[in-house]
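If you read the sequence from its start, that first residue is 1, and numbering goes on from there.
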Amino acid sequence: MPGSESIVGVVTSFPEIGDQFEELAQAAFHTLDEAQFARAVTYGRAEPVAAGDLLFDAGDTDGDLFLVGSGEIEVSRAADHDEVFLRAGPRQFVGELNLLTGQTRILTGRVLAGGVVHRVQQEEFRRLMAQDAELSDVLLRSFLARRQLLVQHAGRNLEIIADEQTSVGLALRTFLIRQDLPHRWLQPDTAEGRDAATRAGLTSDDLPAALTPRETIRQVEPRTLSHRLGLTYRRTPKGVADLTIVGAGPAGLAAAVYGASEGLETVLLDAVATGGQAAASSRIENYLGFPFGLSGEALAARAVVQALKFGAHLASPCAVVGMRSTGDGHVVTLVDGTEIPSRTVLIATGAAYRNLPLPRWPEFVGSGIYYAATDLEAKAVAGLPVTVVGGANSAGQAAIYLARHAGHVTLAVRGPDLAAEMSSYLVERIVADPRITVRTSTQVTALSGGPRLEEVTLTGGDGDEPCGCHGLFCFIGASPATGWLSGVALDTDGFVPTDTQLGDRWTGAGRPPLPFETSVPGVFAAGDVRLASMKRVAAAVGEGASAVRSVHQAIALSAAAVAGAG
């Protein structure tokens with residue numbers, strides 16, 4: 001633990017924290033200097049507090065930051081008030097990443113010694129984060145460090161009882177990891193899992209289940225859990241968004257960062273989880289500024305924090321089922337019927353994974369068939385033979401990553417040449433790796449196994465060959481996710497044409513379409529869903545950022561038209 005006497009924060013429940021955590025703890029339990037504290041309290045309201053007062057409880061929906069002027073606040077886990085996470089004294093603060101994400105409170109805060117606290121409510125907190133760069137950085141670093149400590153040492157505030165080897169279990173696990181949510185995962189066939197289920201009065205028919213301090217959620221799935229944790233869409237303070245982004249892959253995340261940082265009331269929605277297909281990449285080595293590479297999951301997580309820092313409103317899983325245009329702009333409709341009025345819309349839904357047309361495919365998805373190769377999937381196939389299907393970079397990256405964990409990797413490529421669609425640096429590594437067998441001109445033609453995938457049939461020049469396989473990783477491309485769209489022109493394959501690609505399909509009057517604008521004025525498209533876009537992470541980020549410039553122009557043109565009509 002930090003040795004400075006000015007650090008009041010403690011982690012009494014984590015005795016294993018030692019020197020390796022010192023830097024993390026220093027950031028987590030930061031003390032503001034006098035000038036910083038003086039600026040920070042101008043955003044809040046002073047409140048006298050007495051020992052024993054409850055400031056907030058786990059499950060509360062408020063998003064207030066507390067600055068300690070005098071006295072002391074103790075923050076603990078709701079399941080056990082003796083399990084203290086931190087104590088904050090003068091010039092320290094109480095808050096966590098949920099103040100940015102909108103998630104319900106994870107911990108419980110009580111007054112240990114009476115004094116004065118300064119409550120910074122959500123709207124003023126967002127103003128602080130936008131206006132004071134120094135304070136914003138200090139708070140953000142502390143929030144991230146606190147969340148990391150909570151994730152690494154999750155208590156009983158959120159327990160999931162589920163089998164991660166099933167499709168619904170994998171979906172829950174992916175959602176929790178992508179959202180960086182502190183939780184304890186309990187396999188139902190372990191003693192710990194059985195004990196937790198018994199305490200909660202659960203049967204096997206109730207699983208998967210989520211246990212929180214306030215309720216037990218039976219047959220839980222990501223959308224339900226997201227709603228209960230406060231991560232689904234909530235109306236923005238202004239009521240009308242300047243920019244609603246549908247899809248939180250690299251293009252959508254970039255647009256959210258640039259839109260929010262430039263003062264647009266920005267809403268970002270995703271039907272699954274932030275990151276899109278990029279989050280499924282185990283390692284991206286050709287993205288500018290990261291010479292040693294990083295996972296798609298890490299890249300997405302950093303982008304999410306940036307967007308939240310600038311005030312974007314994120315919601316996932318939050319499926320969009322329709323959009324219509326009105327005289328004042330556009331209305332995006334969510335799966336639960338909620339309508340989001342917005343001046344402009346950016347379509348960044350990317351593409352949906354393609355499947356092989358094989359019997360039992362749906363049965364094995366999540367139970368041996370995967371569309372991502374991250375730590376989560378790698379653990380499921382550790383020491384076992386796997387097959388990767390595909391011939392582009394994503395398949396090559398997956399094969400190299402899985403070779404470090406699986407018993408052996410077979411890379412099945414439909415075409416005759418591995419180098420036809422794959423970068424040369426990946427081809428060289430794959431060919432040189434004895435843990436990877438490359439089979440060109442080969443297809444997977446059958447699947448077999450019990451409740452989980454155990455074997456695939458590979459068909460190539462030598463005929464059919466059964467091959468032991470406990471993980472089939474499918475990277476054969478995707479189809480544009482535009483089935484929810486109506487009124488926007490699409491090409492024959494479902495991709496969205498924009499600006500110069502539109503021709504006579506442009507429906508605007510009095511001006512040509514702006515860059516990235518679709519056939520409907522004020523509706524834009526970026527990333528993989530856009531016709532003829534370059535299917536690369538960097539290109540998607542560039543398109544999302546560039547589209548925001550056109551969004552500004554569209555809003556200005558619309559305002560000018562309204563003023564002229566008046």
Side-chain angles (χ1 to χ4, degrees), residues 100 126 129-130 133 136 236-238 240-270 274-276 278 287-289 299-300 302-316 320 323 325 329-330 332 340-350 488 496-502 508 511-534 536-561:
L100 290 170
R126 286 186 175 271
M129 296 295 287
S136 174
T236 62
K238 294 181 181 179
V240 177
D242 294 317
L243 170 62
T244 296
I245 304 162
V246 186
L253 286 167
V257 169
Y258 280 85
S261 68
E262 294 171 10
L264 297 177
E265 187 83 344
T266 302
V267 173
L268 176 62
L269 311 168
D270 196 277
T274 53
Y287 190 73
L288 185 67
L299 180 65
R302 296 181 186 195
V304 166
V305 171
Q306 280 181 292
L308 291 171
K309 171 185 174 181
F310 291 121
H313 304 270
L314 274 65
S316 72
V320 173
M323 181 191 71
S325 298
H330 312 279
V332 172
I340 304 175
S342 186
R343 292 182 175 85
T344 61
V345 175
L346 175 65
I347 303 164
T349 43
V488 175
V496 184
T498 60
D499 48 80
T500 58
Q501 302 166 339
L502 289 169
R511 66 173 179 87
L514 298 165
F516 302 102
E517 197 163 20
T518 70
S519 62
V520 178
V523 177
F524 301 84
D528 288 2
V529 75
R530 194 177 69 83
L531 177 63
S533 64
M534 183 180 293
R536 290 288 185 271
V537 171
V541 169
E543 289 195 7
S546 299
V548 172
R549 181 179 181 183
S550 293
V551 166
H552 280 292
Q553 291 178 273
I555 291 174
L557 289 168
S558 178

Pair Leu268-Val246, side chain to side chain contact (heavy atoms under 4.5 Å, CB included): steps then yes or no: CA-CA 6 Å; Leu268 176 62; Val246 186; over 6 Å; no
Sidechain-backbone polar pair: Ser261 side chain, Val257 backbone, donor-acceptor under 3.5 Å: yes
Val240 backbone acceptor or donor facing Glu265 side chain under 3.5 Å: no
Main-chain N/O of Gly259 paired to Glu262 side chain as donor or acceptor, under 3.5 Å: no
Non-hydrogen atoms of Ala256 and Ala307 that approach each other most closely: CB-CB, 4.0 Å
Heavy-atom pair with the smallest gap, counting every atom of Ala545 and Ala254: N-CB, 4.0 Å
Full working for side chain to side chain contact (heavy atoms under 4.5 Å, CB included) between Val523 and Met323: CA-CA 10 Å; Val523 177; Met323 181 191 71; 4.0 Å; yes
His330 versus Thr344, closest heavy-atom pair with distance: CD2-CA, 4.1 Å
Pairwise side-chain contact, Thr498 with Phe524, heavy-atom cut-off 4.5 Å (strictly under): no
Contact summary for Asp270 and Gly249, nearest pair of heavy atoms: OD2-N, 4.3 Å
Minimum heavy-atom distance between Ser325 and Val520, given as atom pair plus value: OG-CG1, 3.5 Å
Student check: side-chain heavy atoms of Leu243 and Ile555 closer than 4.5 Å: no
Val551 side chain near Arg343 side chain, heavy-atom distance below 4.5 Å: no
Criterion side chain to side chain contact (heavy atoms under 4.5 Å, CB included) against Ile245, the qualifying member of Val267, Thr266, Leu253: Thr266
Side chain to side chain contact (heavy atoms under 4.5 Å, CB included) between Leu314 and Val304, intermediate numbers included: CA-CA 8 Å; Leu314 274 65; Val304 166; 3.7 Å; yes
Thr349 OG1 to Asp528 CG distance, which is reported to the nearest 0.5 Å: 9.5 Å
Short side-chain to backbone donor-acceptor contact, Asp499 and Phe516, under 3.5 Å: yes
Side-chain touch Lys309/Ser136, heavy atoms, less than 4.5 angstrom: yes
Arg511/Glu517 ion pair, N-O < 4.0 Å: yes
Main-chain N/O of Val345 paired with Thr244 side-chain donor or acceptor, under 3.5 Å: no
Polar side-chain atom of Ser550 near backbone of Pro515 as donor-acceptor pair, under 3.5 Å: yes
Where Ala525 and Arg530 come nearest, the two heavy atoms and their spacing: O-CD, 3.4 Å
Check: Arg126 side chain, Gly311 main-chain N or O, donor-acceptor pair, under 3.5 Å: yes
